[in-house]
Amino acid sequence: MTKADFFEQVYQVVRLIPFGRVTSYGAIASYLGSASSARMVGWAMNNAHHQEPKVPAHRVLNRFGALSGQAHFGPGVMQKLLEEEGIMVIDNQVQHFEKHFWDPRKELEL
DNA sequence: GTGGTGACGACAC
DNA sequence: GGTGTCGCCACCA
C-alpha cells in the first residue's frame, strides 16, 4: 500500500460513479479508510487531470454538493457536464444532491 | 529543512 | 446553533 495507490484508488472510485450520479470527497476518503483525508482526495483530483483515462472529476463535489473545483476544470465546464447528465446545477450548487449522491461505501459495499 | 497552503470535513468551544 | 480550530497528507516556495 503506497501513497500512489491511494490516489489510484480515488481515480478508480471516481470512474465507477454511474452516469447521472455524484459523490463527495469525504465519501471517497471514508471509503478508502481515511475519512479525515478529504483534502487528499481533492489533491488527487488535481492530479487526475493528467491521468489516463480522464477521470470524471466533475462528478466529485464537496460535502454540500457545491462545484468547489469548477475553476480547475474550466469556467462553466463542470456545471455543463453535470447538466448533460440530468443533474440540475444552480449557482455552482447541485440541486437534489442527496438524490444524485452516490456513496461508494454503500454502493460498493465496503 | 521548514513553513504555508489546498478541488475538505469533523469536532470543539 | 454559529464560529473557530485542528486534522490529514502531499506539494510548492
Side-chain angles (χ1 to χ4, degrees):
Chain A
M1 175 69 169
T2 67
K3 51 198 172 180
D5 289 333
F6 180 83
F7 278 42
E8 191 171 342
Q9 290 290 355
V10 175
Y11 307 140
Q12 187 84 4
V13 173
V14 175
R15 283 185 215 135
L16 290 174
I17 301 173
F19 182 89
R21 298 287 172 127
V22 293
T23 191
S24 66
Y25 304 98
I28 296 172
S30 179
Y31 174 71
L32 296 178
S34 300
S36 49
S37 299
R39 301 181 101 163
M40 284 294 78
V41 178
W43 186 247
M45 293 292 94
N46 189 345
N47 196 26
H49 271 288
H50 58 86
Q51 292 300 317
E52 290 292 343
K54 294 296 195 303
V55 179
H58 62 276
R59 291 178 183 159
V60 184
L61 314 169
N62 66 5
R63 192 64 181 104
F64 299 95
L67 283 59
S68 35
Q70 185 196 38
H72 286 259
F73 253 85
V77 176
M78 196 171 179
Q79 179 173 336
K80 188 179 180 72
L81 289 170
L82 290 171
E83 289 182 337
E84 287 293 306
E85 300 192 3
I87 299 173
M88 190 190 302
V89 180
I90 300 175
D91 189 40
N92 297 335
Q93 185 176 293
V94 174
Q95 305 302 303
H96 304 287
F97 175 65
E98 249 174 87
K99 190 174 85 169
H100 295 296
F101 184 68
W102 182 81
D103 187 354
R105 191 132 132 117
K106 181 177 181 178
E107 300 299 326
L108 300 179
E109 291 186 79
L110 176 59

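Throughout, protein chains are lettered first and strands after them, A, B, ... in sequence-line order, and every chain is numbered starting at 1. Computation of the quantities below employed the complete heavy-atom set of this structure, encompassing side-chain atoms and omitting hydrogens, waters and symmetry-equivalent molecules.
Going from atom CZ of A:Phe6 over to atom C1' of B:dC8 covers 12 Å, rounded to whole Å. Put simply, CZ on A:Phe7 is 14 Å from P on B:dA7, counting in whole angstrom units. To the nearest angstrom, P of B:dA7 lies 21 Å from NZ of A:Lys54. One interatomic measurement links the two molecules: CG of A:Leu61 to C1' of B:dG9, which rounds to 15 Å at whole-angstrom precision. Per the geometry, CG belonging to A:Leu32 stands 14 Å off C1' belonging to B:dC8, to the nearest Å. As rounded to whole Å, 11 Å separates atom C1' of B:dA7 from atom CD1 of A:Ile28. Between A:Leu81 atom CG and B:dA7 atom P there is a gap of 19 Å when expressed in whole angstrom units. The separation between A:Phe101 atom CZ and B:dG9 atom C1' is 13 Å, rounded to whole Å.
Residues A:Met78 and A:Leu61 meet the side-chain proximity criterion, which asks for heavy atoms closer than 4.5 Å. Between A:Leu67 and A:Val94 there is a side-chain heavy-atom pair separated by less than 4.5 Å. A:Trp43 is listed as a side-chain neighbour of A:Asn46, based on a closest heavy-atom distance under 4.5 Å.
Under a 3.5 Å cut-off, the side chain of A:Thr23 and the backbone N or O of A:Trp102 do form a donor-acceptor pair.
Nucleic acid contact class of A:Asn46 (heavy atoms, under 4.0 Å, all strands): base. Residue contacts for A:His58: at a heavy-atom cut-off of 4.0 Å it reaches no nucleic acid atom on any strand shown.
With 3.5 Å as the limit, one finds a donor-acceptor pair spanning the side chains of A:His58 and A:Glu85.
Taking the side chain of A:Trp43 as heavy atoms from C-beta on, and the options C:dC11, C:dC9, B:dC8, the nearest nucleotide is C:dC11. Distance from the side chain of A:Met40 is smallest for B:dG6 among the nucleotides B:dG6, B:dC8, B:dA7.
Remark: the separation of the P atoms in B:dG4 and C:dC6 is 13 Å, to the nearest Å.
Paired regions of DNA chain C, where each region holds three or more successive Watson-Crick or G-U pairs whose two hydrogen-bonding distances fall under 3.5 Å, are B:2-6 with C:9-13, B:8-13 with C:2-7.
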TODO: Walk me through it: do A:Ser68 and A:Tyr25 pass the test side chain to side chain donor-acceptor pair (under 3.5 Å)?
DONE: CA-CA 11 Å; A:Ser68 35; A:Tyr25 304 98; 3.3 Å; yes
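Linking Ile, Leu, Val, Met, Phe, Trp and Tyr whenever their side-chain heavy atoms come within less than 4.5 Å leaves A:Val89 and A:Val60 in two separate clusters.
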Task: Per-nucleotide protein contact string for nucleotides 1-7 of chain C, where B marks a base within reach and S marks sugar-phosphate only (heavy atoms under 4.0 Å, - for neither) - done: ------B
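A:Glu107 has no carboxylate O lying under 4.0 Å from a charged side-chain N of A:Arg21, or vice versa, which leaves the two without a salt bridge.
The environment of CZ in A:Phe64 is sparse: at most 12 heavy-atom neighbours from other residues, nucleotides or ligands sit within 6.0 Å.
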